[in-house]
Amino acid sequence: MAFGADRKRLLTGSEDRTARLWDAATGRPSGLLLEHASTVVDVAFSPDGRRMLTGNHDKTARFWDTSTGRPVGPPVRFGDTVAAAAFGPAGDRVLTGGYDESARLWELYPPLQDSPDRVVGRLAGLTGMELREDGVVHMLGALPWQVRRQQLAGR
C-alpha cells in the first residue's frame, strides 16, 4: 500500500492480480483496475504522483500512468518475484528487490519528445546498436558508431 504525495490517493496491490487506486478521504475506488498476470506484491507512487510502479509475483515490475491507469511501456522482467519497489526522492531512479536475492537501482529517463528518425538516431549513437529495416538489431562498427556519436553531440 502506498499513499500519493498529496495524501489524497492510495494505491494497493492484491492477490486478485490487480492494483487499485483509492480516494483516501472516502475509501472508495478511484480509476481503473490495474490488471496483472499474478499477485501484486508491492506498489509505489512517483514523487510527482504522475506514475505508479507495481512489483509482481510474475517476476515483473510495471509502470503505470496515474491519470489514465494505462501501462507505460512493457513490463521489466526479473529472475523471480519483485517483492519491493520504490521511487527515489527525485523520481529519476527506482529501486527493486526480489526473491532472487537481488536489489537493483536503475535510472529513469524522460520520454524522448522528437521524431521517430531522431529517436532512432539517438539510440544508435548512445548504444552502438541499430535497428535495420528488416527488424534485426545489429552492432555498429567502430567508425559508424563514432560518426553517430559525433552527430549526437552536435545536436
Under 3.5 Å, sequence neighbours excluded: what are the donor-acceptor pairs made by side chains of residues 27-36?
| from | atom 1 | to | atom 2 | distance (Å) |
| --- | --- | --- | --- | --- |
| His36 | ND1 | Leu34 | O | 2.8 |
| His36 | NE2 | Thr54 | OG1 | 2.9 |

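Judged by distance alone, the side chain of Thr68 and the main-chain N or O of Arg70 form a donor-acceptor pair under 3.5 Å.
Proximity of the aromatic rings of Phe63 and Trp106 is defined here by a centroid distance below 6.0 angstrom, and this criterion is met.
No side-chain heavy atom of Leu126 sits less than 4.5 Å from a side-chain heavy atom of Arg149. With contacts defined as side-chain heavy-atom distances shorter than 4.5 Å, the pair Glu130/His138 qualifies. Two residues are said to be in side-chain contact when any heavy atoms from C-beta on lie closer than 4.5 Å; Phe87 and Leu108 meet this criterion.
Each of Asp58, Thr60, Asn56 was scored for a side-chain contact (heavy atoms from CB on, under 4.5 Å) with Pro75, with one residue passing: Thr60.
Cluster membership for Trp64 and Phe45, using ILVMFWY side-chain heavy atoms within less than 4.5 angstrom, is shared.
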Under the side chain to side chain contact (heavy atoms under 4.5 Å, CB included) criterion, do Arg62 and Met52 qualify, and how do the steps go? CA-CA 8 Å; Arg62 175 156 239 165; Met52 301 172 286; over 6 Å; no
Salt bridge (charged side-chain N to carboxylate O under 4.0 Å, His left out) evaluation trace for Lys8 with Asp6: CA-CA 5 Å; Lys8 294 179 181 178; Asp6 59 7; 5.8 Å; no
Check the pair Leu152 / Arg122 against side chain to side chain contact (heavy atoms under 4.5 Å, CB included), numbers first and verdict last. CA-CA 6 Å; Leu152 184 60; Arg122 282 189 199 161; 3.4 Å; yes
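For Ser14, the side chain to side chain donor-acceptor pair (under 3.5 Å) partners are Asp16, not counting sequence neighbours.
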